[in-house]
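Okay, so here's the structure we're looking at.
Everything quoted here is computed from the prediction, not taken from an experiment.
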Amino acid sequence: MPLPQFKNSICFLLPILAVSTLSLPVQPAPAQTKPNQKPEQKTKAAGATYRIPVKDKYGLPIAQIESLLKIRNSKGALAALTKVPRSTGDTDRRSMIAGAAKANDNDFDGALLLFSRIKVFEGTPTEYYLAAKTFAIAQNYQKAIEMATRGINLNDDQKCLEIRAAAYSNLGRFDEAIQDYETLARVYPAWTADYLSKEAAILLKLNRFKEALLATERAIKANPSEAGAYLMKATSLRKLGRTAEAVEASTRSLEAARARLSRNREAVFLLNRALEERATCYQILGKRKEEAADRDEIKTSSDQVMNELIGR
């Protein structure tokens, strides 16, 4: 069967606010290793410590390669790989590194070819993350979970946890996805509101509206300016029949999204979703004028985004 075509793909979508889609997180990455850092390094997260050896059993400089992959220097990583003569049994290990380098450069077709040939997986946290990302893009979510879990077992890697949570969602393994988002929210407090908003989206999908509302309230407490949290709160309130309160939460989501527009065009998505949510609430309340105004604004905003995309 031919491989899926996704070379140079940029639309690996984790469920930002909808658990049915998968997206690569747009949060800042964890601190990266500086190029001049000593090759032997300790990677710490969530209390876990994983020491990357300077060289592995094949003589490959894996600590150096890990550092280079982290700063997206794929050419440097491959150069370090090719400097070491081949040895018996190192084919899988070399394929893992080469596949990670290709995935790092968004060549997911090439990466998938290499990863699919590997019989025995060995790797560092960044390699496992890039392998998990590749399999997730190919919609092989079970393999993505396997690779992400390997990375998590080494050092509770943040990006591996994000991918695994999204993959669990896509497979309908919602309780496991929720558990991963709870871990992320606890271990990485800077992104707590975003992770709890994703958790709330899953709970809404499961019709667990009261739990979803509690998750959104925790998210808002962590970051009162998180537009997604207010949007999920609005939806939760509407589903619970508390429509007037949902209007207020939708309005807060709109305000937060508008505040982000100058810095982040992705906020347009949240703005339109908040407008749609509020318009639905107005419809339930019989406020036709307000509903029409919100739907007109959605159309105007969508037209502006489309004009930007086609260069008008």
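Checked options D194, L204, I178; the residue passing with E199 is I178 (criterion: side chain to side chain contact (heavy atoms under 4.5 Å, CB included)).
Contact detail for Y141 and L171: the closest heavy-atom pair is CB-CG, 3.7 Å. Shortest non-hydrogen contact noted between A212 and S236 is CB-OG, 3.5 Å.
Looking at heavy atoms from C-beta onward, L184 lies out of side-chain contact with W191 at the 4.5 angstrom threshold. For the pair P61 and V84, the minimum side-chain heavy-atom distance is below 4.5 Å. Between K299 and D296, the closest side-chain pair of non-hydrogen atoms is not below 4.5 Å. In this structure, the side chains of V187 and D156 stay at 4.5 Å or more apart for every pair of heavy atoms. No side-chain heavy atom of K287 sits under 4.5 Å from any side-chain heavy atom of R278. Put simply, the side chain of F108 reaches to within 4.5 Å of the side chain of K133, judged on heavy atoms.
Formation of a donor-acceptor pair under 3.5 Å by the T183 side chain with backbone atoms of Q179 is found in this model. In this structure, N170 contributes its side chain and A166 its backbone to a donor-acceptor pair below 3.5 Å. With Y128 contributing its side chain and G123 its backbone, the two residues share a donor-acceptor pair below 3.5 Å.
Side chains of E182 and Y195: a donor-acceptor N/O pair is absent below 3.5 angstrom, by distance only. Remark: the T235 side chain and the E277 side chain contain an N/O donor-acceptor pair separated by less than 3.5 Å. Side chain to side chain, R164 and T149 meet the donor-acceptor criterion of an N or O pair below 3.5 Å.
Pairs passing the side chain to side chain donor-acceptor pair (under 3.5 Å) check and including a residue from residues 81-92, sequence neighbours excluded, read D90-R94. Sequence neighbours left out, not one pair with a member in residues 111-121 passes salt bridge (charged side-chain N to carboxylate O under 4.0 Å, His left out).
Ring planes of F135 and F121: perpendicular class, angle over 60° (limits at 30 and 60°).
A continuous path of ILVMFWY side-chain contacts below 4.5 Å connects I62 to L78, so both sit in one hydrophobic cluster. Both I97 and L112 belong to a common hydrophobic cluster when Ile, Leu, Val, Met, Phe, Trp and Tyr are linked at side-chain heavy-atom distances under 4.5 angstrom. Under a hydrophobic-cluster definition in which Ile, Leu, Val, Met, Phe, Trp and Tyr are linked whenever side-chain heavy atoms come within less than 4.5 Å, directly or via other members, M232 and Y230 are assigned to different clusters. By the criterion of side-chain heavy atoms lying less than 4.5 angstrom apart, applied directly or through intervening Ile, Leu, Val, Met, Phe, Trp or Tyr residues, M96 is not grouped with L114; the two fall into different hydrophobic clusters. L196 and L203 fall into different hydrophobic clusters, where Ile, Leu, Val, Met, Phe, Trp and Tyr residues are linked whenever their side-chain heavy atoms come under 4.5 Å apart, directly or through other members.
The residues D175 and R208 are annotated as salt-bridged, a charged nitrogen and a carboxylate oxygen being separated by less than 4.0 angstrom. Of the charged side-chain nitrogens involved, none lies within less than 4.0 Å of a carboxylate oxygen, so that E255 and R258 do not count as a salt-bridged pair. In summary, E146 and R150 engage in a salt bridge, as defined by a charged side-chain N under 4.0 Å from a carboxylate O.
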**Prompt:** What's the verdict on salt bridge (charged side-chain N to carboxylate O under 4.0 Å, His left out) for K159 and E162, showing C-alpha distance, side-chain angles and the deciding distance?
**Reply:** CA-CA 5 Å; K159 292 183 288 186; E162 289 171 336; over 6 Å; no
**Request:** Decide yes or no on side chain to side chain donor-acceptor pair (under 3.5 Å) for S67 and Q64, but give the supporting numbers first.
**Result:** CA-CA 5 Å; S67 298; Q64 178 190 4; over 6 Å; no
**Asked** Yes or no on salt bridge (charged side-chain N to carboxylate O under 4.0 Å, His left out) for K233 and E248, after CA distance, side-chain angles and deciding distance?
**Response** CA-CA 10 Å; K233 181 176 182 178; E248 181 183 353; over 6 Å; no
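Through chains of ILVMFWY side-chain contacts below 4.5 Å, V247 is grouped with Y282, L285.
Within 6.0 Å of CD in Q283 there are more than 12 heavy atoms belonging to other residues, nucleotides or ligands.
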